[in-house]
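Here is the structure we will look at, set down as structure tokens.
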4 protein chains.
Amino acid sequence: MRVKDEAKQKALREATIKVVNQIGFASSSVAKIAKEAGISPATLYVYHKDKDELLCDIYTDIKIELARAMMTGFDHSQPVRDILKRMWLNGFRYLIKHRHYLSFIDQFANSPFFDVVDMSRIEPHFEPLIRVIQRGIEQKIIKDVHPELLKVFAVRPMMTLANQRQCGGFAFSEEHIEEAFRMAWDAIRL
Amino acid sequence: MRVKDEAKQKALREATIKVVNQIGFASSSVAKIAKEAGISPATLYVYHKDKDELLCDIYTDIKIELARAMMTGFDHSQPVRDILKRMWLNGFRYLIKHRHYLSFIDQFANSPFFDVVDMSRIEPHFEPLIRVIQRGIEQKIIKDVHPELLKVFAVRPMMTLANQRQCGGFAFSEEHIEEAFRMAWDAIRL
Amino acid sequence: MRVKDEAKQKALREATIKVVNQIGFASSSVAKIAKEAGISPATLYVYHKDKDELLCDIYTDIKIELARAMMTGFDHSQPVRDILKRMWLNGFRYLIKHRHYLSFIDQFANSPFFDVVDMSRIEPHFEPLIRVIQRGIEQKIIKDVHPELLKVFAVRPMMTLANQRQCGGFAFSEEHIEEAFRMAWDAIRL
Amino acid sequence: MRVKDEAKQKALREATIKVVNQIGFASSSVAKIAKEAGISPATLYVYHKDKDELLCDIYTDIKIELARAMMTGFDHSQPVRDILKRMWLNGFRYLIKHRHYLSFIDQFANSPFFDVVDMSRIEPHFEPLIRVIQRGIEQKIIKDVHPELLKVFAVRPMMTLANQRQCGGFAFSEEHIEEAFRMAWDAIRL
DNA sequence: GATGAATGAGTGTTCATTCAT
DNA sequence: CATGAATGAACACTCATTCAT
């Protein structure tokens with residue numbers, strides 16, 4: 001028998017993201033995605049149970065990749081702020097580099113599909129971020145507020161800023177990025 | 001006849017928001033919306049050129065309503081921070097009260113429809129906000145950074161926090177709201 | 001607005017029966033039926049909720065028509081045997097005349113759709129038959145056995161004999177038909 | 001290897017019957033049948049040229065088995081009626097025991113597949129039945145009518161009565177079965 | 001102005017079958 | 001022999017929109 005094709009798998013993912021990027025979530029049909037991926041619509045169902053699962057799988061993948069990208073280049077002996085800055089910049093650069101992922105991510109996260117994602121597969125990858133924030137709170141460096149608030153003011157802006165649609169006219173110099181992180185930090189620091 | 005018209009118009013808008021809320025942007029069809037509004041699909045086309053325009057019109061309406069809700073209860077003699085707080089709290093409360101609008105707004109804003117909205121109809125209503133921020137910058141109270149950055153750290157969080165999907169588990173006490181504004185302010189203030 | 005077209009309704013029914021007749025239940029698709037009826041597949045859904053309902057509706061229609069055809073040309077003062085013979089011959093002739101209905105009926109009755117038919121719409125039309133049989137039993141003319149047995153030996157053969165597929169090679173003279181009814185009668189009479 | 005083959009062959013047959021039984025002829029797909037049989041869809045094509053042939057093969061098998069079941073437990077010196085009764089009861093009991101076969105048989109026999117079955121493989125197994133009937137005619141015990149008529153009134157009811165769908169509510173005591181055969185006999189006897 | 005009927009084009013999905021392994 | 005991957009064609013059904021009334 002033939003063996004499942006890793007390349008096809010990947011092509012499918014990239015095709016999905018590209019199509020969603022170009023024509024939006026609502027208009028992205030299985031047929032268009034398959035065509036872009038260079039496979040038959042039927043083949044899609046060899047790799048994913050249905051359209052919903054395809055989209056959820058891709059979302060999960062990207063989120064995990066983002067987390068992995070964020071969690072590098074620091075060590076736990078560094079000060080909280082330095083670690084967070086490292087993570088923030090890592091994340092921001094990953095998103096800028098993969099801007100086309102963001103359109104997918106944001107459309108997905110605002111769709112009803114989002115409610116159905118198995119978050120337990122994603123959350124562990126963000127553990128280091130959670131821990132360093134907790135450390136910051138313990139050290140009285142970061143405001144002792146509901147974690148949701150910290151996320152909204154520190155992590156979300158990273159995504160919003162990288163978003164083409166919402167901040168498309170905004171070209172980022174190194175200086176801008178520094179400023180942006182400073183604002184995130186000011187928001188959450190004590 | 002005029003009265004009947006307006007009632008239908010409004011029913012159509014509320015029906016659209018409700019349907020989008022319940023089944024998402026991608027699954028919301030003209031037929032379902034019309035049914036929910038208690039009118040014929042054909043009638044929809046009396047009021048809006050096509051489906052896209054219906055959605056854009058509603059988005060614009062809500063945004064203007066949000067702006068109007070924000071721009072009340074202060075006068076320009078007050079300090080910048082107080083005015084901004086008033087606006088922020090006004091906006092947040094409006095959004096909490098109309099949470100079902102937010103699901104529509106967010107799905108819309110992340111879709112390609114957004115690119116096609118005539119922003120010049122919305123922007124004037126946010127002028128007071130822009131002006132008070134500029135005053136803050138001139139008075140060296142607010143960071144002199146790209147306006148986009150100020151928006152991302154001060155206004156966006158207001159919407160994100162009110163969003164069911166993204167912050168569903170978060171119940172807001174008055175204290176939380178105060179905290180939230182403080183963080184927004186810390187992010188943008190000098 | 002346009003008005004629902006009775007002719008289209010009927011064309012749809014005849015087309016369905018014809019298609020099922022020609023290519024069988026399992027291969028009869030909505031597309032083929034619609035094409036045969038000269039309408040768009042989408043139009044089919046204006047007249048019937050879905051394919052299942054279309055088939056059930058047609059089955060019910062035919063059964064009622066058959067019952068109506070059977071219950072004519074006699075009066076209740078006649079002897080039981082004469083009434084039954086009248087009904088039997090009426091039915092048989094109706095079926096021979098509409099042989100193409102039988103293929104549909106038989107395929108339908110052996111499919112899972114059958115389990116879902118609302119029999120209470122059909123049964124009342126067969127009431128006169130039930131009653132005359134009961135009279136026969138009371139008068140000790142007909143065997144006092146389970147009604148199901150009487151049905152199997154008296155009514156079913158009428159349908160089987162008219163069935164193209166099962167008795168295709170059998171050309172019926174008047175004599176044959178008389179013989180057939182005599183056998184049915186012999187089976188059930190005391 | 002031979003043994004394994006036969007096991008698969010049999011599993012395939014039983015799976016097909018089961019699936020047809022459960023979801024009907026029209027919905028029974030190769031994939032579902034293969035899954036039920038615990039084999040790959042591709043393997044099915046090792047044993048049968050295509051889906052049609054699979055179904056025809058199974059029909060033929062069952063019909064032959066039914067014939068074999070009927071043609072036991074008597075000898076040709078017995079009276080015609082006794083022999084026929086033996087056959088009828090044998091057949092009826094076989095069908096009751098294998099009720100799940102009947103759903104398949106009946107759906108098949110009313111489908112266009114039926115027209116394509118090679119009857120010459122089945123008919124020889126029913127020869128003894130044909131012969132005893134002919135003897136009955138010669139002995140002036142059985143009506144001298146078209147054989148098709150005899151089949152319709154004597155053999156078909158045996159199948160109809162055993163059919164779940166059509167006589168589901170009818171529970172058979174020994175007495176009922178005796179009655180049923182008596183009716184079949186009354187129909188065909190002189 | 002308001003409507004339900006009507007539809008071509010499209011939806012997501014499954015089909016029977018083939019093929020490389 | 002046996003398989004799971006692969007697919008073009010078909011599936012039932014829904015879409016946004018138009019049109020006669």
Side-chain angles (χ1 to χ4, degrees), chain A residues 1-6 8-9 26-34 38-55, chain B residues 1-2 4-5 8-9 26-35 37-55, chain C residues 1-6 8-9 26-34 38-55, chain D residues 1-2 4-5 8-9 26-35 37-55:
Chain A
M1 59 150 183
R2 262 180 254 176
V3 93
K4 237 175 200 164
D5 190 342
E6 195 74 35
K8 222 166 252 174
Q9 181 80 279
S27 312
S28 293
S29 72
V30 167
K32 287 170 192 159
I33 290 168
I39 61 171
S40 159
T43 307
L44 191 152
Y45 290 84
V46 174
Y47 291 89
H48 301 273
K49 208 193 90 219
D50 55 21
K51 195 195 178 190
D52 293 13
E53 211 171 272
L54 166 71
L55 297 173
Chain B
M1 261 300 175
R2 219 56 300 256
K4 201 175 165 194
D5 282 0
K8 243 170 217 168
Q9 182 80 279
S27 311
S28 294
S29 70
V30 168
K32 288 170 190 160
I33 290 168
K35 192 173 186 180
I39 62 170
S40 161
T43 308
L44 191 151
Y45 289 85
V46 175
Y47 293 92
H48 302 271
K49 205 194 90 213
D50 57 20
K51 195 195 177 190
D52 293 12
E53 210 171 274
L54 166 71
L55 298 174
Chain C
M1 60 151 181
R2 261 180 253 176
V3 93
K4 236 174 197 162
D5 189 344
E6 195 73 35
K8 222 166 253 175
Q9 181 83 279
S27 311
S28 293
S29 72
V30 167
K32 288 169 190 159
I33 290 168
I39 61 170
S40 159
T43 307
L44 192 151
Y45 291 87
V46 174
Y47 292 89
H48 300 272
K49 207 193 91 220
D50 56 21
K51 194 194 179 191
D52 293 13
E53 211 172 271
L54 165 72
L55 298 173
Chain D
M1 262 304 175
R2 247 331 39 212
K4 202 176 166 192
D5 282 359
K8 242 170 219 166
Q9 183 79 280
S27 312
S28 294
S29 72
V30 168
K32 287 170 190 160
I33 290 168
K35 192 173 186 178
I39 63 171
S40 160
T43 306
L44 191 150
Y45 290 85
V46 175
Y47 294 92
H48 302 272
K49 205 194 92 217
D50 56 21
K51 195 194 176 188
D52 293 11
E53 211 171 273
L54 165 71
L55 298 173

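Chain letters run A, B, ... following the sequence lines, proteins first and then strands; every chain starts at 1.
Here the P atom of nucleotide F/dC15 and the NZ atom of B/K51 are 8 Å apart, to the nearest Å. Here the C1' atom of nucleotide E/dG1 and the OH atom of B/Y45 are 17 Å apart, to the nearest Å. The interatomic distance linking A/K4 (NZ) with F/dA5 (P) rounds to 5 Å, in whole Å. Rounded to an integer number of Å, the gap from CD1 of D/I33 to P of E/dA16 is 8 Å. Following rounding to the nearest Å, C/E53 (CD) and F/dC13 (C1') show an atom-to-atom distance of 14 Å. Atom NZ in C/K8 sits roughly 5 Å away from atom P in E/dT7 (whole-Å rounding). For C/L44 and F/dA12, the CG to C1' distance is 10 Å, given to the nearest whole Å. In this structure, A/D5 atom CG and F/dA5 atom P are separated by 11 Å, rounded to whole Å.
B/S29 comes within contact range of the sugar-phosphate backbone alone, with a heavy-atom separation under 4.0 Å but no base atom that close. B/K49 comes within 4.0 angstrom of no nucleic acid atom, judged by non-hydrogen atoms across all strands. Nucleic acid contact for A/V30: base, since at least one base atom lies under 4.0 Å from a heavy atom of the residue.
Checking E/dT7, E/dT17, E/dT3 against every side-chain atom of D/P41, the shortest atom distance belongs to E/dT17. Among E/dA6, F/dC15, E/dT17, the nucleotide with an atom closest to any side-chain atom of D/D50 is E/dT17. Each of F/dA2, F/dA5, E/dA6 was ranked by its minimum atom distance to the side chain of C/T43; first place goes to E/dA6. Comparing E/dT7, F/dT17, F/dT7 by their nearest atom to the side chain of A/A42 picks out F/dT7.
To the nearest 0.5 Å, the span separating CG on B/D50 from CG on B/L55 amounts to 9.0 Å.
Sequence order on DNA chain E of the closest nucleotides to A/S27 and C/G38 puts C/G38 first from the 5' end. Sequence order on DNA chain F of the closest nucleotides to A/I39 and B/S28 puts A/I39 first from the 5' end.
Cation-pi contact between A/K8 and A/Y47: absent, since separation from the ring centre below 6.0 Å together with deviation from the ring axis within 45° is not met.
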Side chain to side chain contact (heavy atoms under 4.5 Å, CB included) between C/K51 and C/L44, intermediate numbers included: CA-CA 9 Å; C/K51 194 194 179 191; C/L44 192 151; 5.9 Å; no
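In terms of heavy atoms, C/A31 sits closest to C/P41 at CA-CG, 4.4 Å. For the residue pair C/S40 and C/A34, the shortest heavy atom distance occurs at C-CB, 3.9 Å.
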5'-to-3' dot-bracket of DNA chain E (Watson-Crick, G-U; under 3.5 angstrom; crossing pairs as [ ]; | other strand): .||||||||||||||||||||
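Counting heavy atoms from C-beta outward, B/L54 and B/K49 have side chains that stay 4.5 Å or more apart.
Side-chain N or O atoms of B/K32 include one that pairs as donor or acceptor with a backbone N or O of B/S27 at under 3.5 Å.
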